[in-house]
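Worth saying up front: this structure is predicted, and the values here are computed from it rather than measured.
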Amino acid sequence: GAGNQIKAMSSTLTADNTMCEKVYKTVYKIAGRVHLVLDNLDRLRGVIPEDRFNQIKAELLCIRAYYYDLGCQFYGDIPFSEAFQGRNNVLKPKFDTQKEVYTQLFADLERANSLYDPSRALRYPNKDLMYKGDIAKWRKFTNSLHMRLLMRLQNRDEEMGVSEKLREIVSNPARYPVMASNADNAALFYTNVDPFIGHFGTTTLQSFTSNSHRMAEHLVNLMNNTNDPRLGIYAVQQNNEWTGLVSGYPTTETNATNCAYLNKDVLGDYTSPYTFMRYDEVLFILSEAAFRGMIPGGSAAAQQYYEQA
């Protein structure tokens with residue numbers, strides 16, 4: 001989301017565990033809610049229409065995979081199979097290995113893809129804040145997320161069958177549709193109507209452009225040296241030059257004079273979207289997979305996907 005993107009672009013993080021704790025709490029707060037709804041949903045099977053049951057379950061499996069993947073990326077092994085079993089007196093859940101977690105997440109995403117039925121409309125599409133009841137787009141998001149998770153494990157290709165599954169997805173667009181344009185982006189657009197107001201909308205320009213929100217030197221140099229047009233959108237330069245702030249040092253030991261700062265009009269507006277996944281990421285995944293020989297096409301296809309992104 002916007003918060004994580006801004007932290008990645010900024011030059012400094014707090015020296016304590018605040019950020020790590022925040023991500024952990026976020027992952028398990030949302031995962032806990034998903035588990036609760038899944039438990040209640042299973043009790044409603046046979047009570048609500050089967051197509052509605054399947055749609056809700058597919059979306060929940062997708063969102064749960066999104067957040068558990070985030071947990072694995074931050075912490076490695078995490079509580080998973082025994083998580084949220086307090087009612088069964090499991091008060092200290094075991095930490096599952098990343099292999100165990102991703103094996104189940106792949107199965108969940110496969111299951112979710114099979115549950116979607118784009119021919120059936122949602123009963124209350126206005127309650128779907130992301131896709132307005134467009135089930136075909138939910139399915140594309142699910143399969144695109146599946147590709148993201150697969151690429152996480154590219155160094156375990158043979159063990160986890162990464163290339164084989166990527167080739168299956170790419171060669172079967174009818175069975176595994178993925179994002180095909182920006183219209184398929186998984187993003188929530190805030191309305192600026194309480195309570196649906198973006199977190200950074202109430203942040204002042206002064207605090208948003210403080211030393212801790214200056215552009216990181218490494219990112220500025222990387223984008224500037226390659227003439228990346230996004231640099232002028234993400235950031236605001238000072239004194240007509242692109243300079244970033246060195247990362248990893250306390251603000252008391254750095255000099256932010258003339259360093260570019262984050263563009264609040266773009267990144268911190270009341271209506272700036274919260275993005276789960278976008279079409280350009282799918283293109284980058286395809287580009288890397290082609291370049292590495294994981295899917296057909298080689299360097300030519302890799303270049304084409306890259307330029308499309």
Side-chain angles (χ1 to χ4, degrees), residues 1 4-5 8-9 58-59 61-63 65-70 72-73 98-99 101-103 105-114 116 118 130-131 134-188 219 222-223 226-231 233-234 273-309:
N4 291 335
Q5 291 170 6
M9 294 164 65
E59 291 181 15
L61 291 174
C62 175
I63 294 299
Y66 176 91
Y67 280 99
Y68 273 128
D69 167 58
L70 181 62
C72 275
Q73 293 307 302
Q98 293 182 71
K99 180 179 180 179
V101 175
Y102 278 106
T103 297
L105 295 185
F106 290 150
D108 287 346
L109 292 170
E110 191 75 33
R111 174 67 174 152
N113 179 55
S114 71
Y116 291 114
M130 188 156 68
Y131 284 132
D134 192 328
I135 297 175
K137 290 184 178 180
W138 269 103
R139 193 179 184 197
K140 290 179 180 180
F141 172 36
T142 297
N143 291 320
S144 300
L145 181 63
H146 197 161
M147 293 175 64
R148 173 195 283 179
L149 269 59
L150 286 165
M151 288 303 289
R152 300 274 202 222
L153 306 184
Q154 59 183 266
N155 291 331
R156 295 290 183 269
D157 190 354
E158 187 172 331
E159 181 181 2
M160 299 298 290
V162 174
S163 292
E164 181 181 358
K165 189 62 188 181
L166 281 172
R167 287 192 293 270
E168 183 181 1
I169 292 174
V170 171
S171 63
N172 290 278
R175 182 178 177 184
Y176 295 103
V178 298
M179 293 179 181
S181 72
N182 284 324
D184 297 326
N185 290 348
L188 290 173
L219 183 58
L222 181 66
M223 299 181 77
T226 56
N227 296 316
D228 193 318
R230 294 171 296 181
L231 180 57
I233 297 173
Y234 292 158
Y274 184 100
T275 303
F276 293 92
M277 191 172 187
R278 302 186 311 196
Y279 172 53
D280 58 355
E281 182 179 347
V282 173
L283 290 170
F284 283 131
I285 289 172
L286 292 170
S287 177
E288 183 174 0
F291 183 79
R292 292 178 178 273
M294 303 170 79
I295 62 174
S299 297
Q303 184 70 24
Q304 183 178 4
Y305 287 131
Y306 181 83
E307 291 177 355
Q308 281 184 262

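At least one donor-acceptor pair closer than 3.5 Å links the side chain of N113 to the backbone N or O of R175. Of the possible polar contacts, one joining the N185 side chain to the Y279 backbone as a donor-acceptor pair under 3.5 Å is found.
Rounding to the nearest 0.5 Å places CD1 of I169 at 9.5 Å from CG of N172. Here the CG atom belonging to L219 is positioned 9.0 Å from the CZ atom belonging to R230, to the nearest 0.5 angstrom. In this structure, OG in S114 is found 8.5 Å from CZ in R139, a value given to the nearest 0.5 Å. For the atom pair L150 CG and I285 CD1, the distance stands at 9.0 Å (nearest 0.5 Å). To the nearest 0.5 angstrom, L153 atom CG is 8.5 Å from T103 atom OG1. Going from atom OH of Y66 over to atom CG of L149 covers 11.0 Å, rounded to the nearest 0.5 Å.
Heavy-atom minimum distance, S287 versus A302: OG-O, 2.7 Å. In terms of heavy-atom proximity, A174 sits nearest to P177 at O-CD, 3.8 Å. When all heavy atoms are compared, the tightest approach of C62 to L109 is CA-CD2, 4.1 Å.
Scanning for ring-ring contact (aromatic ring centres under 6.0 Å, His included) contacts around F284 gives Y306, with sequence neighbours left out. Residues that satisfy the side chain to side chain contact (heavy atoms under 4.5 Å, CB included) test with S171, not counting sequence neighbours, are absent from this structure. For the side chain to side chain donor-acceptor pair (under 3.5 Å) test, residues two or more places apart in sequence or in another chain that qualify with S163 are D157. The side chain to side chain donor-acceptor pair (under 3.5 Å) test applied to T142 returns Y116, not counting sequence neighbours. For K165, the salt bridge (Lys or Arg N to Asp or Glu O under 4.0 Å) partners two or more places apart in sequence, or in a different chain, are E110, E168. Partners of S181 according to the side chain to side chain contact (heavy atoms under 4.5 Å, CB included) rule, which considers only residues two or more places apart in sequence or in another chain, are A183, D184. Not a single side chain to side chain donor-acceptor pair (under 3.5 Å) links Q98 to another residue, sequence neighbours left out. Scanning for salt bridge (Lys or Arg N to Asp or Glu O under 4.0 Å) contacts around R148 gives E281, with sequence neighbours left out. Residues passing the side chain to side chain donor-acceptor pair (under 3.5 Å) test with Y102 are D69, Q73, sequence neighbours excluded.
Around the CZ atom of R167, the shell of radius 6.0 Å holds more than 12 heavy atoms that belong to other residues, nucleotides or ligands. Within a 6.0 Å radius of CD in E158, other residues, nucleotides and ligands contribute 12 heavy atoms or fewer.
The salt bridge (Lys or Arg N to Asp or Glu O under 4.0 Å) contacts involving residues 294-309 comprise nothing, where partners must be two or more places apart or lie in separate chains. Residue pairs that meet the ring pair (Phe, Tyr, Trp, His ring centres under 6.0 Å) test with at least one member in residues 146-179, sequence neighbours left out, are F106-H146.
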- Task: Please lay out, stage by stage, how M179 and L283 fare under the test side chain to side chain contact (heavy atoms under 4.5 Å, CB included).
- Result: CA-CA 9 Å; M179 293 179 181; L283 290 170; over 6 Å; no
Derivation of the side chain to side chain contact (heavy atoms under 4.5 Å, CB included) call for F276 and L188: CA-CA 8 Å; F276 293 92; L188 290 173; 4.0 Å; yes
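Contact annotation: the side chain of V162 never approaches that of R152 to less than 4.5 Å [non-hydrogen atoms, C-beta and beyond].
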Sequence neighbours left out, cut at 3.5 Å: what donor-acceptor pairs do the side chains of residues 288-300 make with other protein atoms?
unit_1, atom_1, unit_2, atom_2, d
E288, OE2, Q154, NE2, 3.1
E288, OE2, R292, NE, 2.9
E288, OE2, R292, NH2, 3.4
R292, NE, Q154, OE1, 2.8
R292, NH1, Q154, OE1, 3.3
R292, NH2, Q154, OE1, 3.1

